[in-house]
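Numbering of ligands and ligand atoms starts at 1, following listing order.
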Amino acid sequence: MKLTIVEYPDKRLKERSKRVEKFDAKLHELLDAMYPIMMESNGIGLAAIQVAVAKEVLILNIPDEEGEQTKENLLEMVNPVITYKNGEITYQEGCLSVPGFYEDIQRFENISVNYQDRDGNTKTLEADGLLSIAIQHEMDHLHGILFIDKLSYSRRKKFEKEYKRALKEKKRS
Ligand code: Y12
Ligand code: CO
C-alpha cells in the first residue's frame, strides 16, 4: 500500500473519519503502511485521514527517556474514545500535515481512552504528558480538526499569511 501525507489546506483533512467495523487484513495493511511513512517523516503520531483514509485509526510512537523511538513503543488505536479528562497542559505542537509550523496549544493533561487494537480487542489507556497531548492531537484529526483550528483569530491569520508564503516558496524551489 503506497501512502502519501495529505497537507493543509487539502479539504480531506476536514473530513470526519468513520468507525472501523472490520478488523481484517485491509486494516492491518493500512496500519503496517502508516508506520514507515510516519517514521520516514520524523513524526511521532499519524492519523489515517493524514494518508487520505477516513477511518478512526491512529498510530503513535512517543520517544523514550533517551529520545529514541522504538517499535516496541508503537501504539495503534482504532475507534478511540476519551472517557476521562482533567487538568491543563500547553505544548508547542507540530503536525506532518502542516509542515514547518509549531504553535502552543492547550490540552487536557490527564486522559483515559478506550480503544480497540488491530484485532478488535478493547483496551483502556491512562495517559499524561506528551502521550496525552499526542492522543488528543491525533483524535482531533479523526474529527476533522487540526491544531491550527484551535488558534485565536489573530494567531490563525498570522499563520495563514506565513503558510501561504511558505507554500509559494516551496513551489518556486
Ligand atoms: C505533541 C504534539 C503533536 C503531536 C502530533 C504528532 N506530530 C508530529 O509527529 C509532527 C512531526 C513533524 C515532523 C516534521 O519533520 C521534521 O521535523 C524533520 C515536520 O517538518 C517540518 O516542520 C518541516 C513537522 C512536523 C504529538 C505530540
Ligand atoms: Co497532526
Residue selection (non-hydrogen contact nearest atom 1 (C) of ligand 1) among Asn61, Leu131, Leu130, Asp140: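 Heavy atom nearest to atom 1 (C) of ligand 1 belongs to Leu130.
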field: Minimum non-hydrogen distance to atom 10 (C) of ligand 1, winning option of Gly94, Ser97, Ala166
entry: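 Nearest option to atom 10 (C) of ligand 1, by heavy atoms: Gly94.
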What protein heavy atom lies closest to [atom]? Include the residue and the distance to one decimal.
atom	answer
atom 18 (C) of ligand 1	Asn42 ND2, 3.3 Å
atom 2 (C) of ligand 1	Glu93 CG, 3.6 Å
atom 27 (C) of ligand 1	Ile44 CD1, 3.4 Å
atom 24 (C) of ligand 1	Tyr102 OH, 3.4 Å
atom 12 (C) of ligand 1	Leu96 CD2, 3.4 Å
atom 21 (C) of ligand 1	Gly100 N, 3.3 Å
atom 15 (O) of ligand 1	Ser41 O, 3.5 Å

message: With a 4.0 Å cut-off on heavy atoms, is Phe147 in contact with ligand 1?
response: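 So Phe147 does not count as touching ligand 1.
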Contact check, Gln92 vs ligand 1, heavy-atom distance below 4.0 Å: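 Not so, Gln92 does not reach ligand 1.
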field: Partner of Glu103 by side-chain hydrogen bond (donor to acceptor under 3.5 Å, both in side chains), out of Arg155, Arg156, Lys150, Gln92
entry: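 Looking at Arg155, Arg156, Lys150, Gln92, the match for Glu103 under the side-chain hydrogen bond (donor to acceptor under 3.5 Å, both in side chains) is Arg155.
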message: Rounded to the nearest 10°, what angle sits at the Co ion (ligand 2) between NE2 of His137 and NE2 of His141?
response: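 His137 NE2 and His141 NE2 form an angle of 110° at the Co ion (ligand 2).
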Are side-chain N/O atoms of [X] and [Y] paired as donor and acceptor at under 3.5 Å?
X	Y	value
Glu7	Tyr163	no
Gln50	Ser97	yes
Asn61	Gln69	no

- request: Specify whether Phe101 and Phe159 have parallel, tilted or perpendicular ring planes, treating 30° as the upper limit for parallel and 60° as the lower limit for perpendicular.
  value: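 Perpendicular.
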Enumerated ligand 1 atoms positioned under 4.0 Å from heavy atoms of [X]:
X	answer
Tyr91	1 (C)
Gly43	9 (O), 11 (C)
Ala134	26 (C), 27 (C)

- prompt: In Å, rounded to the nearest 0.5 Å, how long is the span from CD of Gln116 to OG1 of Thr122?
  reply: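 One gets 5.0 Å once the value is rounded to the nearest 0.5 Å.
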task: Pick out which of Arg107, Arg16, Lys14 makes a salt bridge (Lys or Arg N to Asp or Glu O under 4.0 Å) with Asp140.
output: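 Filter result, single survivor: Arg107.
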- request: Could you tell me which non-hydrogen atom of His28 sits nearest to which non-hydrogen atom of Phe23, and how far apart they are?
  value: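 Looking at all heavy atoms of both residues, the closest pair is NE2-O, 4.2 Å.
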task: Would you mind telling me if ligand 1 is within reach of the side chain of Glu138, the backbone, both or neither, using heavy atoms under 4.0 Å?
output: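 The answer is the side chain of Glu138.
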query: Are the side chain of Asp10 and the backbone of Leu13 linked by a donor-acceptor contact shorter than 3.5 Å?
result: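 Checked: no pair found.
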task: Keeping the roles fixed (side chain from Gln136, backbone from Leu131), state whether a donor-acceptor pair exists under 3.5 Å.
output: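 No, because the side chain of Gln136 does not come within donor-acceptor range (under 3.5 Å) of the backbone of Leu131.
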